[in-house]
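I have placed the structure first, in the form of C-alpha cells, so that the comments after it can refer back to it.
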Amino acid sequence: MCGIVGYVGHREAFPIIIKGLQRLEYRGYDSSGVALLNGKINVYKKQGKVADLLAFSEDKDTVSSLGIGHTRWATHGVPNDVNAHPHTSQSKTIALIHNGIIENYDSIKEELSKRGHTFESDTDTEVLTHLIEEVQKKERVSLFEAVRLSLAEVIGAYAIAVIEESNTNEIIVAKKGSPLVIGVGENEFFLASDATPIIEYTKNVVYLEDGEIARLKIGEEMELKTIENVEKTPYIQELELNLEAIEKGGYEHFMLKEIFEQPKSIADSMRGRLDSKTAEVKLGGLAEYEQKIINADRIIIIACGTSWHAGLIGEYLFEDLARIPVEVEYASEFRYRNPIITEKDVVLAISQSGETADTLAAMKLAKDKGATVLGICNVVGSSIARLSDAGSYTHAGPEIGVASTKAFTAQVTVLTLMALMLGRKKGTIAESYYRELISEIETIPAKVESMIGMNDYIKELSAKFKDALNFLYLGRGYNFPVALEGALKLKEISYIHAEGYPAAEMKHGPIALIDENMPIVVIATKKGHYEKVVSNIQEVKARNGIVIAVVTKGDTAVKEIADYVIEIPEVAEPLVPILSNIPLQLLSYHIAVMRDCNVDQPRNLAKSVTVE
Ligand code: M6R
C-alpha cells in the first residue's frame, strides 16, 4: 500500500507529484505529503486526500525542480498530519518517502534514541530517515552509500526515495518487496509505485528489482547496484500503457467505467488465444508447462480477496473440465501453516495487482518447496508476474477502482480458457462439448454488453435496498463463488454488512437471520442445481425474506416466487459466473453511490495490499 512519486529534472516538480499522487491514490488515501527542494527542504503534509494537501499547499512555496511525494495507507501510527510522509532526519536535511514496513524499526529506534535522536511520529519510516543520517555522519559517505549501508541493517519491505538538502539534483531510490518504477526522460528522472504517474512524460522505464538501489542524478546516467554493492546495468524497457486507459473518460467513477468496459476487457483477455479454425486454446505463457500441469498431483490456487473468489471458480472449472484436483487457499493462511507441498504440485497465484504481499510470500514458500509456480496477473511486469515460472496475463487494462470488477471477469475468463485447454489435451472433455464451450465463450463479450444495458433497471432496484442493514447472497456450484464475490463487493463499497453462502448451507445457520427486512440475492440460473436453488428460495419466502433473484432469460418458476428478478442471457454452465457476476457489480455500485460512499476509494482499503 501507499503510493510514492518523485521527480528531478528541468520541470516544476510539484504539479507532477500532485498529479502522480492522485493517480496513485488507489494505493492509500488517509494522508499525503510532499518534500520539495529549493535551497532547503520544504515539507508539506496533510491528513486526508491529495486534494486536501493541494488546498493546504496553495499559499506555500512550491517552486522546485526536485521533489518526492507520498499518499499513505496507515500501518504504524494513526492517519494524521505528523505520521504522514515525507519524514525528515534529526537535522531535517534528509527527507524520505516509504512504501512498506520496516519490521525491526523498534530496535533501531531504541539504538538511535540512546544516541540522542528524537522522533516526531509513530512511524517506522521516520526511524529509517534518522538511521541514514546517522550512518552518513559516522561513515562520512555520500547519501547513496549511506542509504545502501542503512538498508543492509533493515528487515522488512520498502520502496523508498530519499533526498538531501545539499544535493540539488539527486534522488536515491531503493526497493525490496514493494514496487518501484523509474521513468528515464531527457535529462530528467521520474519515480513512482507504478507507471501511471510517469506515462505522459516518458515511455522509457526501469523496474527496480528487489534488493536494488539507484542514484537518479541530473546530467548522469542512472547508477544502479545491489544493497550488497554489486554494480548493475539498468534495463530500460518501453511502456505499453496509454493515458486514456487510466482516466475516467466521462464516467462519474472508475468503478462504473470498469464495469462498462467488460465487454472489451473480456474480449482482450481472450484475444489471440482462440484459434477459430482448430478451436484450439493457446496460452503462450503456459505452453512450456502444459504437460507439467496435466501431470500434476494437484493444482493449488493461492490468492486473496476477489482473486481468491476467481480461484474458487477455477476449482470448479479445472475439476469439472480437466479432472485435476484443486485446492484453493487464502495466501495469508497458506504461507503460515506449514503446508504440504511437493515437486508434483503446481501452484497457481492469481492477482490483479501482482503486488499482494501475502500472495507473493505464499509463492516464495511454494517455490522453496519445489513446486512449479504459475501466475495469472493483470499488471504486466509486476512482482508476482516476475516471480512466476510462467503464466498468463489477464489483459484487462489498468483497474483503478479499489473494488475489483473487470479484473475479476478477466481472471475467470483466463481460468476458463486454461481449463478448456487442459481438458482437451488430457482428453477429459468430450470434443463436441469442448467445441460448444469454445463457440459460447466467444459470445460472452456481446452477452456482457447486453447486460450492461440493464444498468437503469438495476439502478432502480438499488434504490429500494440502499438503506438495508444486511444482505445475504446465495448460490450453488459455479454460482457459489459468485455469491461470495457479490457480498464482498457490496460490503467493501457500501459498508452494508453482507454474507455470501452456498445456498444449501443456509439452513445450517444463516436462515436464522431471515425476516421481512432481509434482502437475499439468490443466483438461480438454469442448469447446475436449479431445482435445488428454487427450493432454497421457497425456504426464504416461507420466512418472509425479500428475494432478488438472478435468473436465466425466460425463467418462469423463480419469477413466480421471487420479489425481483434480474435476467441474464442463457449460456453453458461453466461460463455462467462471468455473466451472473455483472448485475451484482452494478447493484453494489448503485447502492454505494446512493449512500454517498466513495466507491473508488472505500474507507480503510487500498488497491494494492503490499503489507501483511
Ligand atoms: O491485487 P490482488 O488481486 O492480489 O488483490 C487481492 C485483494 O486485495 C483484492 O481482490 C481485494 O479484495 C479487492 N478490494 C476486491 O475488490
Side-chain angles (χ1 to χ4, degrees), residues 4-9 37 66 68 89 94-100 102 104 108 128-129 131-195 198 201-239 355 360 364 367 380-388:
I4 66 172
V5 186
Y7 175 76
V8 56
L37 185 54
L66 186 158
I68 53 177
S89 59
I94 293 176
L96 182 148
I97 48 173
H98 170 215
N99 166 209
I102 308 298
N104 58 339
I108 299 173
L128 178 58
T129 322
L131 176 65
I132 292 168
E133 183 166 76
E134 183 74 15
V135 170
Q136 194 180 27
K137 276 191 184 149
K138 197 169 145 217
E139 306 291 337
R140 296 176 181 277
V141 289
S142 66
L143 181 66
F144 190 28
E145 189 59 3
V147 175
R148 190 184 72 74
L149 293 172
S150 303
L151 290 177
E153 290 183 36
V154 156
I155 300 170
Y158 51 80
I160 55 167
V162 195
I163 61 174
E164 71 177 337
E165 206 163 88
S166 56
N167 241 330
T168 54
N169 57 2
E170 175 180 299
I171 303 178
I172 308 299
V173 293
K175 166 193 156 44
K176 188 182 160 205
S178 301
L180 186 61
V181 50
I182 297 162
V184 184
E186 284 275 315
N187 219 16
E188 60 182 348
F189 291 103
F190 304 80
L191 68 99
S193 299
D194 72 27
I198 297 174
Y201 308 105
T202 178
K203 291 223 162 207
N204 296 330
V205 296
V206 174
Y207 288 94
L208 229 57
E209 296 288 339
D210 276 353
E212 286 182 347
I213 175 167
R215 185 211 301 263
L216 313 178
K217 186 169 184 164
I218 295 308
E220 290 183 15
E221 297 279 291
M222 178 195 308
E223 191 179 341
L224 182 69
K225 53 170 74 171
T226 66
I227 302 299
E228 290 77 30
N229 212 13
V230 179
E231 301 282 341
K232 295 190 80 176
T233 309
Y235 167 58
I236 299 181
Q237 49 184 294
E238 199 171 318
L239 275 179
E355 301 296 343
L360 265 168
K364 285 178 187 154
K367 268 200 151 179
V380 176
S382 57
S383 305
I384 287 176
R386 281 179 287 145
L387 187 66
S388 312

[X] side chain to [Y] backbone, donor-acceptor under 3.5 Å:
| X | Y | result |
| --- | --- | --- |
| Asn104 | Glu153 | yes |
| Ser89 | Thr129 | no |
| Lys364 | Lys367 | no |

From [X] atom [atom1] to [Y] atom [atom2], the distance as rounded to the nearest 0.5 Å:
| X | Y | atom1 | atom2 | result |
| --- | --- | --- | --- | --- |
| Ser383 | Asp210 | OG | CG | 6.0 Å |
| Lys232 | Leu208 | NZ | CG | 8.5 Å |
| Leu131 | Ile94 | CG | CD1 | 10.0 Å |
| Glu133 | Leu143 | CD | CG | 10.5 Å |
| Leu96 | Ser150 | CG | OG | 9.5 Å |
| Leu151 | Thr226 | CG | OG1 | 11.5 Å |

**OP:** Could you go through the salt bridge (Lys or Arg N to Asp or Glu O under 4.0 Å) check for Glu170 and Arg215 one step at a time?
**Re:** CA-CA 7 Å; Glu170 175 180 299; Arg215 185 211 301 263; 3.0 Å; yes

Original post:
Going by atom types alone, do Gln136 and Glu145 pair a side-chain donor with an acceptor below 3.5 Å?
Top reply: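 Absent: no donor and acceptor within the cut-off.
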
Original post:
Hey, are Tyr7 and Glu188 close enough side-chain-wise for a donor-acceptor pair under 3.5 Å?
Top reply: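 Yes, because at least one side-chain N or O of Glu188 sits under 3.5 Å from a partner of the opposite role on Tyr7.
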
Contact summary for [X] and [Y], nearest pair of heavy atoms:
| X | Y | answer |
| --- | --- | --- |
| Leu37 | Thr168 | CD2-CA, 3.7 Å |
| Gly100 | Ser178 | CA-OG, 3.8 Å |
| Ala214 | Leu224 | CB-CD1, 3.9 Å |
| Val206 | Tyr235 | CG2-O, 3.6 Å |
| Leu360 | Glu355 | CD1-O, 4.0 Å |
| Pro179 | Ser193 | CB-O, 3.5 Å |

Is any side-chain heavy atom of [X] closer than 4.5 Å to a side-chain heavy atom of [Y]?
| X | Y | answer |
| --- | --- | --- |
| Ile155 | Ile102 | no |
| Lys138 | Val135 | no |
| Ile171 | Val162 | no |
| Ile172 | Ile213 | yes |
| Val184 | Thr202 | no |
| Ile218 | Asn187 | yes |
| His98 | Ile4 | no |
| Ile163 | Leu66 | yes |

Subject >> Partner of Ile160 by side-chain contact (heavy atoms from CB on, under 4.5 Å), out of Val173, Leu180, Leu128 >> reply: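 Passing option: Leu128.
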
**OP:** Check whether more than 12 heavy atoms from other residues, nucleotides or ligands sit under 6.0 Å from atom CD of Glu186, and answer yes or no.
**Re:**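 Result for CD/Glu186: open.
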
Original post:
Got a salt bridge between Arg386 and Glu209, using NZ or NE/NH1/NH2 to carboxylate O under 4.0 Å?
Top reply: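 Result for this pair is yes, salt bridge flagged.
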
Subject >> Short N-O contact, Lys225 and Glu212, less than 4.0 angstrom >> reply: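 Judged by the 4.0 Å cut-off on N to carboxylate O distance, Lys225 and Glu212 do not form a salt bridge.
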
**OP:** Keeping to residues at least two apart or across chains, list the ring-ring contact (aromatic ring centres under 6.0 Å, His included) pairs with something in residues 138-160.
**Re:**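 Those involving residues 138-160 do not exist here.
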
